[in-house]
Amino acid sequence: LPIILLTGHFERRRAQARASGRIVTTPEGSVHHWFTWQRAIRGGVLAFATLGVLALGYTAMRLLGIGPVGTLMASGSLSEKDRLLVADFENRTTDATLGSSITEAFRIDLGQSPVVRLVSRAEVGEALARMQRDADAPLTPELAREIAAREGAKAVVVGEISPVGKGYVLSARILAAADGAELVALRETADDDAGIVAALDRLSGGLRERIGESLKTIRSGEALEQVTTSSLEALRLYSEGAQLSDRGEAPRAVPLLEQAIALDSGFAMAWRKLAVALGNSRASYDRQVYATTRAYQHRDRLPEIERQYAIAYYHTNVDIDPARVEAAYRRVLAIRPDDNVSGNNLALLLLTQGRPAEAESLITPLAQGREYVNNASLQLVVAQVGQGHLAEARQTIDELVRSAPDAAMYLWARGFVLEASQDHDAAARAWVDMGLKTRDPGYQELVHLGLGGNHQKRGKLVEAEREWRMAMSTSAARGLPGAALATAAALAQQYLLLRGDTTGALRVLDGALRQFPLESIPTYDRPSADLATTYALAGQGARARETLKAYESQVPEGIRRGQWQWHRARGWVALAEGRAADAAAAFVRGRFSGDCPDCGAWEEGVAFERANQPDSALAAYQRAAATGTTWKSSADPWGLAPSLKRLGELYEERGDKTRAIEHYTRFLDLWQDADPVLQPTVREIRGRLARLAGEAK
């Protein structure tokens, strides 16, 4: 550009001279005679040609493995999926813990490369045992080379960190395992402690590039989370675990977060994220409460945003208080408006409180432009369902499943969306599809529960029982006896409410209690409220009251008030004692507990009828029969068919034949293939419908 500007300047002067008739002579030795259009064009062509030759040369050297820019894969020194062994970094600083942290962080970075495989810690330990060496022996370059030879690894990565003034120098070399020849050597500098992470990222990225990994792959890695911990290794583990948890792989996240906590027991955000991952993987609630409490205990030494995270999750999980949760997340958003964690979790809170439009406005920016599986996309779907935009929600979830066909999180959400839409056949297919595509035990448990609920809703009680028993077995295999016992209680309630078989119900429950004794289950994992409900439905009022009282004495009120099961138990115990008004109040409070906003509508209808409040009962049954939010999959197996039947009866009593026919028809569509034990009810409603249809002609 400067040459073009100068040439234009001189050529303009020459043109003006020619136009005026003057003759301008440029001295032969003057620089001006070089600035002509002809020379500028020739020079430009030559410059671009030279640039092209250099670029081609660099690319060829890289691809052919020639010279200092050639990759090891191109030169044949390494092949794709060759195994590398990372030796312990030599620590020349005064901080004795820095070497091990740097080594582990470097291993994690290098382990993300898709073109090589690292020899695992377990394999190193087994090799040392075979060598009759101490398992805790420092992995020096010499020892690493010997292990590499034993394990068939192609090369060894060695490194060191050294102090330079107030900063550090980090270096790494790749050595051939066979002869120790140096294949690559790189180094990076850090100005101070705070720069070590960035320097390590550059060093590992440079090494991965020289191995032969594409720059696009290397640079697609995400930065470490910005949370408080003194341990770099713990931060690495936390970052990896947090990413897995956010992408629906909570079971894989749990051990990483536990390792981070083992390195830094005061790592509050790791405790909090562990509680989140445990909750998302349907693990022990007792463990969730403990992890949440540990995070909350460290809140006073945290920066403001992290402190609000700890406060919000404590009031979500332990001392349940939606107002405090909302205040904490809004405090974070006031400081950092684009905060993903607060936006996502606040949206979820708003959804449970029946505020889907507000939730959608929060979550939409977070869900857009994401190229990977993430929770924000699910909250967007839930917000669409909550506003009755069912077609839009189905389109959104279908797009998400197409983008990640094997993502269990999206497959699970599709089942919930279809259940909420009351597309029963499509929902059943979605659960089956999920079961075929995921082998994770936690998601398999959800598949069995989803299919069981879908079958029960349609009156296929034998198939529902089979699925629920499989869910119980899966829970037991996962070490979750409380979850297995809760499913057994639900099965017993099916016997009571739908089959009318009290003896069978108690046989199911007593058998489960022998297999999973209540006293052997951690306190917060005990489904005592579900047991109390079952005993109340079975007409064993004294036992129901005793079980409920024991539950209330063991579980703090802060936890109880956020659990629908507690409110449900109180309602059924009250109904068993003839206190219908108290029962209705308990069911209504349960609806606003936040645990299951769709649950309890049918129970409310039953209680309001017994309390002689027919209009309130009618409204409750209408809610139970309508489409709703994604929590409908939990409510419909119990309340949809009974509510449709009762609405038909109530409208028939009121002389509203049109609405009676509508609800009887929906009931028959739902239970047309119901089990034989339910067919007498089906025949009764079919007769009522025929009579009304005849009268309507």
Side-chain angles (χ1 to χ4, degrees), residues 68-69 71-72 84-113 116 118 138-144 155-175 180 182-211 213 215 217-240 242-243 259-260 262-270 301-306:
V69 299
T71 69
L72 299 182
L84 270 64
L85 193 154
V86 179
D88 291 339
F89 267 60
E90 183 178 357
N91 181 14
R92 298 179 181 273
T93 72
T94 57
D95 185 348
T97 65
L98 197 54
S100 59
S101 297
I102 291 291
T103 302
E104 189 59 31
F106 192 79
R107 278 182 56 83
I108 293 172
D109 267 3
L110 201 58
Q112 294 174 355
S113 173
V116 295
L118 298 187
L139 199 58
T140 62
E142 294 76 18
L143 181 57
V156 172
V157 183
V158 302
E160 68 176 47
I161 179 169
S162 304
V164 177
K166 295 183 178 180
Y168 300 90
V169 173
L170 289 82
S171 63
R173 296 177 295 149
I174 298 181
L175 308 179
E182 186 177 280
L183 304 177
V184 170
L186 297 172
R187 72 173 187 172
E188 292 289 343
T189 60
D191 294 334
D192 50 31
D193 291 353
I196 292 178
V197 173
L200 193 62
D201 284 342
R202 294 194 300 271
L203 185 64
S204 61
L207 205 64
R208 288 163 65 181
E209 181 184 355
R210 289 299 303 276
I211 289 171
E213 187 176 346
L215 292 176
T217 304
I218 297 169
R219 289 166 186 170
S220 65
E222 298 184 23
L224 292 176
E225 300 284 343
Q226 296 183 353
V227 291
T228 302
T229 175
S230 60
S231 170
L232 175 61
E233 185 178 353
L235 179 60
R236 290 277 181 182
L237 291 164
Y238 169 83
S239 298
E240 187 177 353
Q243 291 168 18
Q259 291 174 50
L263 293 170
D264 180 2
S265 61
F267 194 170
M269 289 301 98
R301 66 185 187 91
L302 295 174
E304 180 65 12
I305 287 178
E306 293 177 48

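Predicted model only: the values in this text are computed from it and were never measured.
- Between S231 and A234 the shortest heavy-atom distance is OG-N, 3.0 Å.
- For P138 against L143, the heavy-atom pair with the smallest separation is O-CD2, 3.5 Å.
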Test side-chain contact (heavy atoms from CB on, under 4.5 Å) on T189 and V164 and set out the steps.
CA-CA 9 Å; T189 60; V164 177; over 6 Å; no

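- For the pair S100 and E233, the tightest heavy-atom approach, listed with the atom from each and the gap, is O-OE1, 3.9 Å.
- Atom CZ of R187 sits in a sparse spot, with 12 or fewer heavy atoms from other residues, nucleotides or ligands closer than 6.0 Å.
- Summarising the geometry of A185 relative to R173, their closest heavy-atom pair is CB-CG, 3.8 Å, with the distance given to 0.1 Å.
- For the pair R107 (side chain) and L118 (backbone), a donor-acceptor distance under 3.5 Å is absent.
- In this structure, the side chain of Q259 does not engage the main chain of L237 through any donor-acceptor pair within 3.5 Å.
- Applying the 6.0 Å contact sphere to CG of D191 captures no more than 12 heavy atoms from other residues, nucleotides or ligands.
- Of the N and O atoms on the side chains of T229 and D264, at least one donor lies less than 3.5 Å from an acceptor on the other residue.
- Closest approach of A199 to A190, counting heavy atoms only: CB-CB, 4.0 Å.
- Screening V158, V157, L186 against I174 for a side chain to side chain contact (heavy atoms under 4.5 Å, CB included) leaves a single residue, V157.
- Between T228 and P303 there is a side-chain heavy-atom pair separated by less than 4.5 Å.
- How far CD of E90 is from OG1 of T93: 11.0 Å, rounded to the nearest 0.5 Å.
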Decide yes or no on side-chain contact (heavy atoms from CB on, under 4.5 Å) for F106 and L207, but give the supporting numbers first.
CA-CA 11 Å; F106 192 79; L207 205 64; 3.5 Å; yes

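- From L170, atom CG reaches atom CD1 of I196 across 6.5 Å, with rounding to the nearest 0.5 Å.
- Comment: R236 engages D201 in a salt bridge, judged by a side-chain N to carboxylate O separation of less than 4.0 angstrom.
- Summarising the geometry of Y238 relative to M269, their closest heavy-atom pair is CE1-O, 3.3 Å, with the distance given to 0.1 Å.
- In this structure, T103 contributes its side chain and F89 its backbone to a donor-acceptor pair below 3.5 Å.
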